[in-house]
Amino acid sequence: MDDNALIRIRHVRKVYLMGEEKVVALDDVSLDIYKGEFVCFLGTSGSGKSTFLNMVAGLEKPTRGEVWIGKVPIHKLNEAQVTIFRQKNIGFIFQAYHLMQSMTALENVALPLMLKGVPKEIREPAAKKALAQVGLKGYEGRKPNQMSGGQQQRVGIARALVVKPKIIFADEPTGNLDSHTTKDVMDLISKETKENGTTLILVTHDRSIADYADKIVTIQDGNIINVEVKGKKNETA
Amino acid sequence: MSNKDILQLCFGNLLRRRTRTILSVIGVIIGTTAIIVMISIGMGLSYGYQEQLESFGNLHMVEVYNSGGGMSSNGQTNKMDDRTIAKMEKIDGVTVISPQISQYVVIAGDHKRSERQIIGVRTEMLEALNLEVEKGRMINESDKNGLLFGKTAAAMFYDPRRQQGADWGSTEPAIDPLQKFIITNDWDYGTNQEGQNMGETQPIQIEAQGVGMMASADNEYTYNIYTTIEFAQKVKDEFEKAQNGGRPSNNPQGNEYQDLMVYVADLDKVASVSETIRTDYGFGTFSLNDMLKEMQKTANMIEAVLGGIGGISLLVAAIGIANTMIMSVYERTREISVMKVIGASLKDIRKMFLLEAGMIGFGGGVIGVALSYGISYVMNHFLSGAIGGAFGMGSKVSIIPIWLVLAALAFSTMVGVVSGYSPAQRAMNMSVLEGLKNE
């Protein structure tokens, strides 16, 4: 365990109550993630990988354990504080894109900036630039329902990039895309995050997608069973 | 998030759910209109009462009688003389106070005569009453025997050889009011029985000079002839002396007055002035304002009942808004969650929903106000004859004062915000994960 890591996850446990029954989603997980690293959480459905991501992103509180991002104890923040933290530091890419159906591509990309209070004169050019970055120049005025899945996910990526976050979380970003588009989108994500030095945490069940990552963390039944770093092999936890 | 952006976002959201927004707004419109129109009818009623009373007399005036013995509540007796008047002048709210000396006389000029009340008051009082003079000028204190005719008083002169009494209803002056007049106690003056029915009373004739005539015939002053206190006192003394067979009257009250007029410029103080005079000085008082207060109480009650009926419809509208907003929160669960995840602060989320609800309330309120003005206009122009007559209302059935408009707008907006509060709270506290799963 390294105290200089950007994200430090220490003995995190998450137990859900399903009626009377306790379900252990995460048993006892510890991990270090460094700045600029592309980390993939690999696991089957129900393995606990999404819970793990939610915990790190502050969307859920661990039952026990600590999550630190830099000097901030994520596990201790209340919802309002965590929201502010996310606003400043974190971008999200979703499997289902989660674009605002009523807004154009440009407005969707500008939305995180608007939520931050950035005035229109500044956020619209920034959003335009981000759209061009993901190869959607000329699509600014399109609504989500006028675009293909791949295009929608590109808008989602632009929306995550536009705030220049320290960390981007992506939960099955290619889950709804065909294999050809998947490759395009994955290339785009890894290229853009590498260029900006952004830390990327990606959750997937797909081994071929995991291969894009610098570090593959395999999760099974709520525990990390394998950490694979490119170059080195089988650094078991 | 900047307020401008929030506003735009809310507006967009309302437009997107156009049908539902319109229905909720209609609810508010009906509620607001009901409240405004109902209360405006109450106000119209109250105004009608006031109008009615004003036609009886001046609401600013308190008449004070030398009855009740001038025994004040602390046991002190007060004489209604100049010293007491000087003290009463200092009562809070009193603008002008004047003794009122009146004598019923026969007055004649240019072969015509009239039986009239001559009333002497301080000239300040006449000025305070703001009576317009149509011919000649106001009385002033230096007038020795000047007379100011009420418009009707000038019209009610008649030739006693041709007719028995004056024609009622005319307001055209029957004589030139700016001439010399004779004031007499001979009730047969000018007839062929002149001087024959005087009995013990000595006939007297006092000369007077007309100086002016009032312009309006629509007030209580129109029937009288006004003059200075000195001249009225002189006429009164002469009349009493003549009745006593030439001896000066043994006036038991010395230099006490019988009546006072008190003018209170501030309508809200009329009641307190009356009260002070009754309790601190022990004199009897009368003012139309007392009646107005009673009538207004009734009007206020009617207003409250009518307003309550309107209030119920706004309450129903509030439930409509709450329903719309709750539906909106459910529908937008995913949208709200996404916004939260990508950085919307909880405060902004709540603000958005409160603002949307508030906009429904405010929008409905604005249209409701406009509609109310329309309804009020229609009622005043087409119903005032029919309903107004039946309920003893004045010239207006419905009055919408500006405060009612502002209050209604504030109220409808508040109703919107209050009914939006719980849905907004729900949106704010909603679990992000649940919302994102909802797909």
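Note on naming: letters A, B, ... go to the chains in the order of the sequence lines (proteins, then strands), and numbering restarts at 1 for each one. The structure displayed is predicted, hence computed values, not measured ones.
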- Query: Given that the side chain runs from C-beta out, which part of B/V341 has a heavy atom under 4.5 Å from chain A: side chain, backbone, both or neither?
  - Reply: both

- So with a 6.0 Å cut-off around NZ of A/K14, is the heavy-atom count from everything else above 12? yes

- Is the count of non-hydrogen atoms from other residues, nucleotides or ligands lying under 6.0 Å from A/K194 atom NZ greater than 12? yes

- Counting only heavy atoms not in B/Y373, do more than 12 fall under 6.0 Å of its OH? yes

- In plain terms, say whether B/R20 and B/E331 are close enough for a salt bridge, that is, a side-chain N and a carboxylate O under 4.0 Å apart. yes

- Message: Sort by residue number and list every residue of residues 25-35 of chain B having at least one heavy atom under 4.5 Å from chain A.
- Response: none

- Among A/Q101, A/Q87, A/E79, A/M114, residue most engaged with chain B (heavy-atom pairs, under 4.5 Å): A/M114

- Closest heavy-atom contact between B/C10 and B/M352? SG-O, 3.3 Å

- Task: Go through the atoms of A/F85 and report whether side chain, backbone, both or neither lie under 4.5 Å from a heavy atom of chain B.
- Result: neither

- Message: Out of A/A160, A/P165, A/G117, return the one with the most heavy atom pairs under 4.5 angstrom to chain B.
- Response: A/G117

- Part of A/V118 within contact of chain B (heavy atom distance under 4.5 Å): backbone

- Message: Can you tell me which portion of A/L99 sits under 4.5 Å from chain B's heavy atoms? Options are side chain, backbone, both or neither.
- Response: backbone

- Please indicate whether A/E195 has more than 12 foreign heavy atoms, meaning atoms of other residues, nucleotides or ligands, lying under 6.0 Å from its CD. yes

- Can any side-chain N or O of A/E107 pair as donor or acceptor with the backbone N or O of A/T104 at less than 3.5 Å? yes

- For A/Y16, does the OH atom have more than 12 heavy-atom neighbours from other residues, nucleotides or ligands under 6.0 Å away? yes

- Task: Verify the neighbour count for atom CZ of B/R16: are there more than 12 heavy atoms of other residues, nucleotides or ligands below 6.0 Å?
- Result: yes

- Message: Quick check on B/L9 against chain A: is it the side chain, the backbone, both or neither that has a heavy atom closer than 4.5 Å?
- Response: side chain

